[in-house]
Number of protein chains: 2
Amino acid sequence: MFKHLANQSGLSLERLASLCEVAEAGSIGQASRGDVNKQSQLSRQIAELEAVFGVELLARQSRPFRLTAQGKELAQVSRQFFQSVDDLQKQAGGEAQRVVVGAGETLIQWLLFPACEAMQKQTTGIVFAFKNLDSARLVDGLQKGEVDFALIRKEEVPPSLMHAGDWLYSHVAFVPKALSRITTELKIEELARLPWAVLEGQGHFRQFLESKARAQGIKLNAALECSSYTQVAMAIQTGRYAGFLPAFAMDAAFAPGSAILQRQTEKGLRYERKLTLAWREATTRARPIVEKLIPAIRTQLGKIL
Amino acid sequence: MFKHLANQSGLSLERLASLCEVAEAGSIGQASRGDVNKQSQLSRQIAELEAVFGVELLARQSRPFRLTAQGKELAQVSRQFFQSVDDLQKQAGGEAQRVVVGAGETLIQWLLFPACEAMQKQTTGIVFAFKNLDSARLVDGLQKGEVDFALIRKEEVPPSLMHAGDWLYSHVAFVPKALSRITTELKIEELARLPWAVLEGQGHFRQFLESKARAQGIKLNAALECSSYTQVAMAIQTGRYAGFLPAFAMDAAFAPGSAILQRQTEKGLRYERKLTLAWREATTRARPIVEKLIPAIRTQLGKIL
DNA sequence: ATGTAGCATGATTACACAGTCATGTTCAAA
DNA sequence: TTTGAACATGACTGTGTAATCATGCTACAT
């Protein structure tokens, strides 16, 4: 049967696990993280695997070495196997299975976290792990099998991945009543009038706002630079700044009855995104639990969005 | 990462390969085939795996022991992994990948063999392995991953399996010119008049013929009992017997210009079957080569049927 | 050119494992 | 109840392997 494979000198679970580590880290060096012993192990073990398969698993043209296509393939096959075995073991031992959910920090905090919270009460035996990654890394993680599913912009999902759900949300303005009691749509002029807490740097939305302001011959009044939407929300909460947040932040970020007005922006300032839940089909095959969770997550997210 | 799994004492490729062997054979005893050493190994190794997973992999209620549901699951996960690794290794070494095709003996000889022959000329790097199994075993083999795809009756495909293609064929009469020069549809009366080479035993088609004859108050003239359709074809070739064969046997079984008349049967004697190509989705995921072959096989079979 | 990050290799140790043989246990059928 | 088939267990051996330390090599950056 498969004894010829299992018996082969140079092929072992440890070596395959090492390959997976290198695949995840990107290179031998990163996988060993300063541990010289580990470095020598990894180098040797991958060389031994190469001897077994008669193929280069590491591309040795430039340093640091990256995995070759065949190296990645073997790593993926192994990873899937380990994951399945791990699931079986946890299932048998009554332990909770780990499900890795990826998204941007904002989405995790205000969407995934509440949604998963609700699910954990119903379904026992699941541990969610949230990964805060940018969309490129999320897609990569999905394809490698390191992330089970991800909440990302629909446009970012490559055709090789599965996806379901279709949630539209827009950035809306949150203005403390202390600053303004207007409740109608937010006008562009107010970009200059109100003191805004904005994200530092060159984020998409920040650039969008600045260009809109410029087009009107005004300047965005960036009174506070924050490094995350959470900070923006905190700034708004103080009552001294207005800010833009995704609409779904209202319930999650502000206590009910707080003196904050949520205001839709006028048409010219609309900034909309379409989210979807993406995953890799192979993952659902190797991990039945992941497939089972998809409809549940969809309905939970649907309740919030 | 997965070091915690790979390091676990009691978990090894050999033990998993052993589990696969037992899964395939059905029990420890059958897997060891009289080798007492192997028996003790298998017993021990499965016990060690059980310790790792904390679950019974063998159902020890009645002997011989069968695998439990969890045992089967682990075996399947492992089998898939081994198969993928094996494919990678063969691909890397430029070796041919083995593709297991299952069907009844008749279908193998007169349909699959010619079809695969034609494909091997185009596609290099594939070795076909034919398995002659009854449909129950074929379905079982498909689900276990031991058979890559099978040509079986459409009605036999359970909903859990994929299938494609839809080939209708009927059993028709082959009559040597030496016995009769009639070329019209075969009448029931001829069942008694002509000397028939038939399959021994209680095959579906044999019973069908006998009941039709009885209904007409005549008796099937079974002049020769054969144990395979190949033998029936050989008998017909001698010129001394008539016989029923699947219509597609004409080209494959008889040399062109041989003195055999192929005759459709009259309506009351029609015996039709619908074939399809069945496979398991997980197999196509683990073995890309299998997925690639499906359309090729379909067109090749289409040419014959 | 030279340093250094990134990887390879040789040698050694301790251990887990597969393999083997002999014998024990359990269960089902005769 | 007996018998044999099916599986378990204890004891031992040789081997492959992970782990560790020391040192050597090679290519990229400065």
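Chain naming here is simple, since letters A, B, ... match the order of the sequence lines and numbering starts at 1 in each.
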Table please: side-chain donor-acceptor pairs of residues 44-52 of chain A below 3.5 Å, with sequence neighbours left out.
residue, atom, partner, partner atom, Å
A/Gln45, OE1, A/Ser18, OG, 2.5
A/Glu48, OE1, A/Arg15, NH1, 2.5
A/Glu50, OE1, A/Arg60, NH1, 3.3
A/Glu50, OE1, A/Arg60, NH2, 3.2
A/Glu50, OE2, A/Leu57, N, 2.7
A/Glu50, OE2, A/Leu58, N, 3.2
A/Glu50, OE2, A/Arg60, NH1, 2.8

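Taking 4.0 angstrom as the limit, A/Asn37 places none of its side-chain polar atoms (N or O) nearer than this to OP1 or OP2 of D/dA19. Remark: B/Ser43 is in phosphate contact with D/dA8, judged by side-chain N or O atoms under 4.0 Å from OP1 or OP2. Between A/Gln45 and the phosphate of D/dA18, there is a side-chain N or O to OP1/OP2 separation shorter than 4.0 Å. Between B/Asn7 and D/dT17 there is no side-chain polar atom (N or O) within less than 4.0 angstrom of OP1 or OP2.
When A/Arg137, A/Lys144, A/Arg79, A/Lys72 are each tested for a salt bridge (Lys or Arg N to Asp or Glu O under 4.0 Å) with A/Glu24, only one passes: A/Arg79. Partner of B/Val139 under the side-chain contact (heavy atoms from CB on, under 4.5 Å) criterion, out of B/Ile152, B/Leu133, B/Val157: B/Ile152 alone.
Under a cut-off of 6.0 angstrom, the local environment of CZ in B/Phe130 is crowded, with over 12 non-hydrogen atoms contributed by other residues, nucleotides or ligands. Within a 6.0 Å radius of CZ in A/Arg98, other residues, nucleotides and ligands contribute 12 heavy atoms or fewer. Under a cut-off of 6.0 angstrom, the local environment of CZ in A/Phe208 is crowded, with over 12 non-hydrogen atoms contributed by other residues, nucleotides or ligands.
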Identify all pairs in which a protein N or O lies below 3.5 Å from an N or O of nucleotides 28-30 of chain C, and state each distance.
residue, atom, partner, partner atom, Å
C/dA28, OP1, B/Gln61, O, 3.3

Using a cut-off of under 3.5 Å, enumerate the N/O to N/O pairs linking the protein to nucleotides 11-14 of chain D.
residue, atom, partner, partner atom, Å
D/dA11, N6, B/Arg44, NH2, 3.3

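The side-chain contact (heavy atoms from CB on, under 4.5 Å) test applied to A/Arg280 returns A/Gln76, A/Gln80, A/Leu161, A/Ala282, A/Thr283, not counting sequence neighbours. For B/Ser43, there are no side chain to side chain donor-acceptor pair (under 3.5 Å) partners two or more places apart in sequence or in a different chain.
For DNA chain C, the neighbouring residues in residues 10-32 of chain A, judged by any heavy atom under 4.0 Å, are A/Ser27, A/Ile28, A/Gly29.
Across all their heavy atoms, A/Trp279 and A/Leu142 have their closest contact at CA-CD2, 4.1 Å. Residue A/Gly102 comes nearest to A/Val147 through the heavy atom pair N-CG1, 3.9 Å, listed as atom of the first residue, atom of the second, then distance.
Among the atoms of the strands shown, only primed sugar atoms or phosphate atoms (P, OP1, OP2) are found under 4.0 Å from some heavy atom of A/Ser9.
Counting atom types as modelled, A/Gln39 pairs a side-chain N or O with a base atom of C/dA8 as donor and acceptor under 3.5 Å.
Take the nearest nucleotide of DNA chain D for A/Arg60 and for B/Pro64: the residue whose nucleotide is more 5' is B/Pro64. Residue B/Phe65 is the one, among B/Phe65 and A/Val36, whose nearest nucleotide of DNA chain D lies closer to the 5' end (criterion: closest heavy atom).
Remark: C1' of D/dT17 and CG of A/Leu49 are 13 Å apart, rounded to the nearest angstrom.
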